[in-house]
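Below: one structure, written as structure tokens.
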Amino acid sequence: MNLNTIVEVKRPTSTDEIGQWRDSYAWLAGGTWLFSEPQVATDTLIDLEHLGWPALTASAAGLEIAATCRIVDLHAFKGPAEWRAVPLFGDCINAFLMSFKIWNAATVGGNICMSLPAGAMISLTAALEGICTLWPRDGKPRDVTVVDFVTANHANVLARGELLRSIRLPAAALAKRYAMRQVSLTHLGRSAALIIGTVGDKGQDFLLTVTAATPRPVQLRFNKTPSAAELRQAIDDRLPADGYFQDVHGSAAYKRHLTYYLSEQIRAELT
Ligand SMILES: Cc1cc2nc3c(=O)[nH]c(=O)nc-3n(C[C@H](O)[C@H](O)[C@H](O)COP(=O)(O)OP(=O)(O)OC[C@H]3O[C@@H](n4cnc5c(N)ncnc54)[C@H](O)[C@@H]3O)c2cc1C
């Protein structure tokens, strides 16, 4: 849609060009959400595209995903054979309720900054133990894990004007085996639950990441693959009945049921 409150679009090649931050500024990534509804409090968009960040940088340490990396580019990524979790990129992308426009224009950072419970890029990068690098307006860059970045439905730790620069996925997490389950109430609908388990080769370092069913990502970590009873107990200890996210895509009780059911399937598959 046309945003008739916008009077300027800045296209900086460096964030130093922006100067003093104003509350009526907004970072523009793919624009798929920004242009989907009126932005009455915004008069200036700051386009991130001309900052020219490389979309994907692989190294022995892992994969750095620029916040501006488009979904379509992440989908095309082929990692080294030892990064066994790379197919999870496509699995999560396909879990996204998505139009042609979102597929080609939306960015990984835009999805994470939206901080919606069903944000599939949050599910992916949280499960692969991603670390966000944030650029505050004043001050040094700071790191926050993806799981701590999202604080509630559509809320996160970004301070006023702060920019998400990149997400680093450690090589050790990319090398783990994984299993994923996703359920929507309707065909191609928004996820009611998107749950991912990862585990090391010898059954060590089992990590379960629950998303979409909860307002923010919830992670359960075990030194070794838990038994069914241990997993169920850990879910109950961490997630009370009112800890689930209730919306038109599913009641809290339904999402709780899905969390038990899908988590056990993941545990069994990875055992
Ligand atoms: C039809 C439709 C269906 C959708 N379905 C889903 C769904 O199933 N699951 C889901 O998660 N989402 C869904 N969305 C929302 C989707 O998450 C967003 O449209 C998309 O992820 C936003 O990415 P973008 O790059 O286009 O961001 P933009 O629209 O450009 O920006 C989104 C917000 O993030 C801020 N932002 C962007 N990048 C940064 C950055 N690097 N640092 C700081 N702030 C930044 C912007 O200022 C803005 O507030 C849907 C949207 C539509 C229109």
Side-chain angles (χ1 to χ4, degrees), residues 62 84-85 87-89 91-92 95 112 115-132 143-153 155-157 167-184 191-247 249-271:
R84 287 176 300 176
L88 182 61
F89 295 11
D91 295 344
C92 286
I112 294 174
S115 301
L116 299 174
M121 295 302 96
I122 299 168
S123 315
L124 171 70
T125 54
L128 295 181
E129 301 167 56
I131 299 156
C132 300
D143 283 352
V144 180
T145 61
V146 175
V147 80
D148 289 330
F149 178 87
V150 180
T151 52
N153 175 26
N156 57 48
V157 299
I167 306 97
R168 291 194 313 280
L169 305 181
L174 286 160
K176 289 167 81 177
R177 289 190 295 127
Y178 78 90
M180 171 197 154
R181 295 290 186 280
Q182 182 261 352
V183 167
S184 303
S191 299
L194 198 170
I195 304 181
I196 298 165
T198 60
V199 71
D201 264 341
K202 299 189 173 84
Q204 82 282 15
D205 199 12
F206 181 95
L207 183 67
L208 187 84
T209 305
V210 179
T211 58
T214 49
R216 55 174 294 198
V218 170
Q219 249 171 2
L220 303 174
R221 194 183 280 275
F222 301 83
N223 290 335
K224 61 181 180 57
T225 307
S227 66
E230 286 167 342
L231 182 62
R232 172 93 182 201
Q233 187 61 52
I235 294 171
D236 280 342
D237 290 346
R238 186 67 183 276
L239 276 168
D242 62 1
Y244 293 85
F245 183 62
Q246 170 127 349
D247 68 351
H249 304 286
S251 66
Y254 172 63
K255 293 182 179 184
R256 187 184 198 199
H257 166 73
L258 288 178
T259 301
Y260 289 141
Y261 183 70
L262 302 177
S263 300
E264 173 50 22
Q265 282 192 356
I266 287 169
R267 189 202 67 81
E269 184 179 324
L270 291 177
T271 299

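FYI, side chains are in, hydrogens and waters are out, and symmetry mates aren't considered; it's all heavy atoms of this structure.
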Minimum heavy-atom separation for [X] and [Y], please, with both atom names.
X: Gly243; Y: Thr214; answer: O-CG2, 3.8 Å
X: Ala118; Y: Ser191; answer: CB-O, 3.9 Å
X: Ile196; Y: Leu88; answer: CG2-CD2, 3.9 Å
X: Pro215; Y: Phe245; answer: N-CB, 3.7 Å
X: Ala126; Y: Val146; answer: N-CG1, 3.8 Å
X: Asn153; Y: Pro117; answer: OD1-CD, 3.0 Å

Are the side chains of [Y] and [X] in contact, using a 4.5 Å heavy-atom criterion?
X: Tyr178; Y: Leu128; result: no
X: Arg256; Y: Asp236; result: yes
X: Leu174; Y: Phe89; result: yes
X: Phe149; Y: Ile167; result: no
X: Val147; Y: Thr209; result: no
X: Arg238; Y: Val210; result: no
X: Asp247; Y: Lys255; result: yes
X: Val150; Y: Pro217; result: yes

**Request:** Answer yes or no on whether Arg232 is positioned over the face of Tyr260, meaning its NZ or CZ is under 6.0 Å from the six-membered ring centre and within 45° of the axis.
**Result:**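 Verdict for Tyr260: a cation-pi partner in Arg232.
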**Asked** What's the verdict on side-chain contact (heavy atoms from CB on, under 4.5 Å) for Cys132 and Val157, showing C-alpha distance, side-chain angles and the deciding distance?
**Response** CA-CA 11 Å; Cys132 300; Val157 299; over 6 Å; no
**Request:** Report the C-alpha separation of Asp201 and Arg84 in whole Å, then their side-chain angles, then the decisive distance to 0.1 Å, and conclude whether the side-chain contact (heavy atoms from CB on, under 4.5 Å) test is met.
**Result:** CA-CA 11 Å; Asp201 264 341; Arg84 287 176 300 176; 2.8 Å; yes
Could you state the interatomic distance from [atom1] ([X]) to [atom2] ([Y]), rounded to the nearest 0.5 Å?
X: Ile131; Y: Arg168; atom1: CD1; atom2: CZ; value: 5.0 Å
X: Thr259; Y: Leu239; atom1: OG1; atom2: CG; value: 7.0 Å
X: Leu270; Y: Gln265; atom1: CG; atom2: CD; value: 11.5 Å
X: Asp91; Y: Gln182; atom1: CG; atom2: CD; value: 10.0 Å
X: Ile122; Y: Leu194; atom1: CD1; atom2: CG; value: 11.0 Å

**Request:** Apply the side chain to side chain contact (heavy atoms under 4.5 Å, CB included) test between Ile195 and each candidate in Ile266, Val183, Val218; give the one that qualifies.
**Result:**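 Among Ile266, Val183, Val218, the one that satisfies the side chain to side chain contact (heavy atoms under 4.5 Å, CB included) with Ile195 is Ile266.
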**Message:** Given 3.5 Å as the limit, does a donor-acceptor pair link the side chain of Lys176 with the main chain of Leu207, or not?
**Reply:**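 No; judged by distance alone, with no hydrogens or angles, the pair does not exist.
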**Message:** Test your reading of the model: is there a side-chain donor-acceptor pair from Thr225 to the backbone of Gly203, 3.5 Å cut-off?
**Reply:** yes
**Request:** Evaluate the salt bridge (charged side-chain N to carboxylate O under 4.0 Å, His left out) criterion for residues Glu129 and Arg221: first the C-alpha distance (whole Å), next the side-chain angles of each, then the deciding distance (0.1 Å), finally the verdict.
**Result:** CA-CA 11 Å; Glu129 301 167 56; Arg221 194 183 280 275; 3.5 Å; yes
**Item:** Electrostatic pair Asp148:Arg216 at N-O distance under 4.0 angstrom
**Value:** yes
**Message:** The criterion is side-chain contact (heavy atoms from CB on, under 4.5 Å); which residues satisfy it with Ala252, sequence neighbours excluded?
**Reply:**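 Partners of Ala252 under the side-chain contact (heavy atoms from CB on, under 4.5 Å) test: Tyr244, Gln246.
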**Message:** Tell me whether the count of non-hydrogen atoms from other residues, nucleotides or ligands lying under 6.0 Å of CG in Asp143 goes above 12.
**Reply:** yes
